[in-house]
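So that the names make sense, note that chain A is the first sequence line, chain B the second, and so on, each numbered from 1.
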There are 2 protein chains.
Amino acid sequence: MSRNLTAPRLRRMTARGQDEVDRIVDAWQRERPDLDVAPLHVLSRISRVARRLDQTRGTAFARHDVEGWEFDVLSALRRAGTPYELSPGALVQQTLVTSGTMTNRVDRLENRGLVRRRPAPNDRRGVLVELTDEGRDLVDAVMADLLAREQELLSHLPTRDRERLAVGLRTLLGELEG
Amino acid sequence: MSRNLTAPRLRRMTARGQDEVDRIVDAWQRERPDLDVAPLHVLSRISRVARRLDQTRGTAFARHDVEGWEFDVLSALRRAGTPYELSPGALVQQTLVTSGTMTNRVDRLENRGLVRRRPAPNDRRGVLVELTDEGRDLVDAVMADLLAREQELLSHLPTRDRERLAVGLRTLLGELEG
DNA sequence: GGGATTTATCTTGATATCAAGATACTGCTG
DNA sequence: CAGCAGTATCTTGATATCAAGATAAATCCC
């Protein structure tokens, strides 16, 4: 069993300052010196950053009176391009929720007038969900705002670091989805 | 407004294969060429990886008959070290949930016999949540298993890349928490 | 030391999610 | 062309979460 071989180097590289995850990992290392807790430096940090990111995005969404889950759906439809319509099944795949959740989401978005359901051609089981003009305007406004804030969030990270981050995360995602 | 200056380089670096986020970002770029969508390469990917990671961990937890939220709480208590006890407030801070959620979680863990509540000394408002022996055994077993799986997940990522990933994420987390 | 403020925890009510199963239609196979 | 497995969507029931507020005790400050 390989024993925290990478920990010392990691520690050196980050001498400037600890974050909450460093404290968590150190605590585990102290309590379980028999385990290699190095993976936590990457994977726990991802979970924690994602959590905070959700919270932060929430405040950006609030100013447009939109919930995160609403944006998820509208945004999948928007980036599909004209005529801005997808099947519920396709929406399920893209948003990583279950079919029941998607039915519920589409219901509520339809009530708000942001999407519309129509029968699928050539398949009487099927439905297509399409963005209304109002939905499109909304998602466009939110997206511009969101990107501005994310730009700012990344502004202290050099371009090179952003690329490395993206590449590493892509590898992980490939592992998880492949 | 800076216009997707980093996108071409990113694209080149990843010629080997696209992931789902690449497809999402490309679609946005096509639909909104006026916006700089590069931040999504990092931030959307973090959300998506985190989501998948949750799902993956879920299956590891299931074999020990533990839910993710249970592990979160037990693990905070475990790494606190002897005597394995923390206030509900401290647990709230570490797990990023609200106080109502924590009350509920502690209730359920107490019912399962994994933790125990006792009055805080010197503060009659307060309570301390402490790990039972059973809780400690459980969290130790789950942690060992979890680390083994995460080790494997990271095994295709060179050590150097893991370090860079950790460093970049730490910077982001500092931004989000500071 | 007594009243206002802050801190710590718990309660309540509304909501979003999921797993499992129901329903309805398609399209393959023999 | 009949039956049957597969696909697409929706329904149901249980559950975890959150926001807001209630309650109680500690601490501050004059």
For this session: Scan nucleotides 7-18 of chain D nucleotide by nucleotide, 5' to 3', and note B when protein non-hydrogen atoms come under 4.0 Å of the base, S if they reach only the sugar-phosphate, - if neither.
Result: BSSBB----SBB
Problem set entry | Contacts of B:Arg105 that satisfy salt bridge (charged side-chain N to carboxylate O under 4.0 Å, His left out) - sequence neighbours left out | none
Exercise. Looking at residues at least two apart in the chain, or sitting in another chain, which of them share a side-chain hydrogen bond (donor to acceptor under 3.5 Å, both in side chains) with A:Gln93?
Worked result: none
Seminar exercise, completed: Those residues at least two apart in sequence (or on a different chain) that pass side-chain hydrogen bond (donor to acceptor under 3.5 Å, both in side chains) with B:Asp107 are B:Arg117
For this session: Could you pull out all residues at least two apart from A:Asp161 that satisfy side-chain hydrogen bond (donor to acceptor under 3.5 Å, both in side chains)?
Result: none
For this session: Applying salt bridge (charged side-chain N to carboxylate O under 4.0 Å, His left out), name anything that partners B:Asp140, two or more places apart in sequence or on another chain.
Result: A:Arg32, B:Arg78, B:Arg136
